[in-house]
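Structure record follows, encoded as structure tokens.
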Amino acid sequence: MGAAALGVTGLAADGARPAEGSAASAEPTVRARPVIHPTPTPTPTPTPTPRPASWGPAKLTSTETPVRELTTLSPPPPPKSIALTIDDGPHPEWTPRVLDLLAEENVRATFFIIGEQVKEYPVLTRRIADAGHQICNHTETHPIDIADLSTKRVRQEIVDAHDRIADTTGIVPRFFRSPGGAWSDTVLELTAEHGMLPIDWAVDPRDWARPGTGSIRRALLEGGDGDILLCHDGGGDRSQTVAALRSVLPKMKKRGLTFVTL
């Protein structure tokens with residue numbers, strides 16, 4: 001190829017490129033946009049509130065202290081009502097079994113729980129509350145000699161459990177049960193001071209002593225209209241209690257009794 005041809009080719013090639021400094025040759029400047037991370041709105045923590053009794057929103061009062069029968073409460077529950085109360089949990093093995101059984105039978109119960117157990121098993125504690133059961137104060141450490149303790153110590157047992165239960169479940173306890181049913185003027189006064197009713201029981205199958213499934217079942221079946229039943233889901237092996245309740249709950253329902261929560 002001649003020089004002239006090479007010159008033409010070179011011109012054509014040069015002509016295809018924009019001149020330096022022209023607008024076409026300038027590459028746009030890309031400016032980095034600042035990354036804006038939206039500030040998350042904190043989820044408000046609900047204020048703990050009392051959970052009313054299953055038969056109405058009014059705060060309960062009683063003509064008897066401590067309360068052993070539903071018939072002493074005002075406003076009273078409907079006729080043919082009976083209350084199942086369960087103490088000493090939550091327990092990692094027995095509480096889930098009790099909850100499963102109550103769900104199968106569509107029964108709501110009243111749980112008197114221990115502050116130390118709540119601290120150790122907060123998720124299980126919330127499971128009790130989320131299932132619609134009533135949550136109550138059974139002291140922080142379950143001192144069986146509570147009736148002999150000082151005012152300061154009793155107040156600590158009640159307040160520590162009260163705050164722990166409320167913070168964990170969102171439920172402010174309205175009811176208190178003294179360990180072993182041990183009541184004293186001090187215990188009763190401090191229970192009232194913290195806005196709670198003292199709750200005892202009418203039927204005690206002594207299931208904590210593991211007397212046998214048949215013995216527990218027979219004792220519970222003696223309960224009737226207006227009674228408060230006592231059982232346990234903590235403090236040891238509660239297989240007998242679970243087995244007895246599996247038989248007792250449907251039998252009581254067939255008798256026309258309705259399980260209520262305080």
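Note that the structure is predicted; figures quoted are calculated from it, not measured.
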Exercise. Can you name the closest pair of heavy atoms from Leu220 and Met252 and give their distance?
Worked result: O-CE, 2.8 Å
Exercise. Are Asn137 and His162 close enough that a side-chain donor and a side-chain acceptor fall under 3.5 Å?
Worked result: no
Exercise. To the nearest 0.5 Å, what is the distance between CD1 (Ile113) and OG1 (Thr139)?
Worked result: 11.0 Å
For this session: Give me the ring orientation class for His91 and Trp94: parallel if the planes are under 30° apart, tilted from 30 to 60°, perpendicular past 60°.
Result: tilted
Exercise. So, Thr85 and Thr110: side-chain donor and acceptor under 3.5 Å apart, yes or no?
Worked result: no
Exercise. Taking atom types as modelled and ignoring hydrogens, do the side chains of Asp88 and Trp208 form a donor-acceptor contact shorter than 3.5 angstrom?
Worked result: no
For this session: Check step by step if side-chain contact (heavy atoms from CB on, under 4.5 Å) holds for Val67 and Leu60.
Result: CA-CA 11 Å; Val67 179; Leu60 299 180; over 6 Å; no
For this session: Evaluate the side-chain contact (heavy atoms from CB on, under 4.5 Å) criterion for residues Phe111 and Leu99: first the C-alpha distance (whole Å), next the side-chain angles of each, then the deciding distance (0.1 Å), finally the verdict.
Result: CA-CA 11 Å; Phe111 284 77; Leu99 290 173; 3.9 Å; yes
Exercise. Under 3.5 Å, is there a donor-acceptor pair between the Arg108 and Ser54 side chains?
Worked result: no
Seminar exercise, completed: d(Thr191 OG1, Glu193 CD) to nearest 0.5 Å is 9.5 Å
For this session: Nearest 0.5 Å please: distance from the CD atom of Glu93 over to the CG atom of Leu124.
Result: 12.0 Å
Exercise. How long is the gap from CG on Leu221 to CD1 on Ile216, to the nearest 0.5 Å?
Worked result: 12.0 Å
Exercise. Are Arg246 and Glu104 close enough for a salt bridge, meaning some N to O gap below 4.0 Å?
Worked result: yes
Problem set entry | Steps toward side-chain contact (heavy atoms from CB on, under 4.5 Å) verdict (Glu140, Ile114) | CA-CA 5 Å; Glu140 179 70 9; Ile114 299 171; over 6 Å; no
For this session: For side-chain contact (heavy atoms from CB on, under 4.5 Å), just list the numbers for Ile171 and Gln134, CA-CA rounded to whole Å, side-chain angles, deciding distance to a tenth of an Å, and then say yes or no.
Result: CA-CA 9 Å; Ile171 298 171; Gln134 183 62 283; 4.2 Å; yes
For this session: List the steps and the verdict of salt bridge (charged side-chain N to carboxylate O under 4.0 Å, His left out) for Arg218 and Glu222.
Result: CA-CA 7 Å; Arg218 287 188 295 272; Glu222 291 178 2; over 6 Å; no
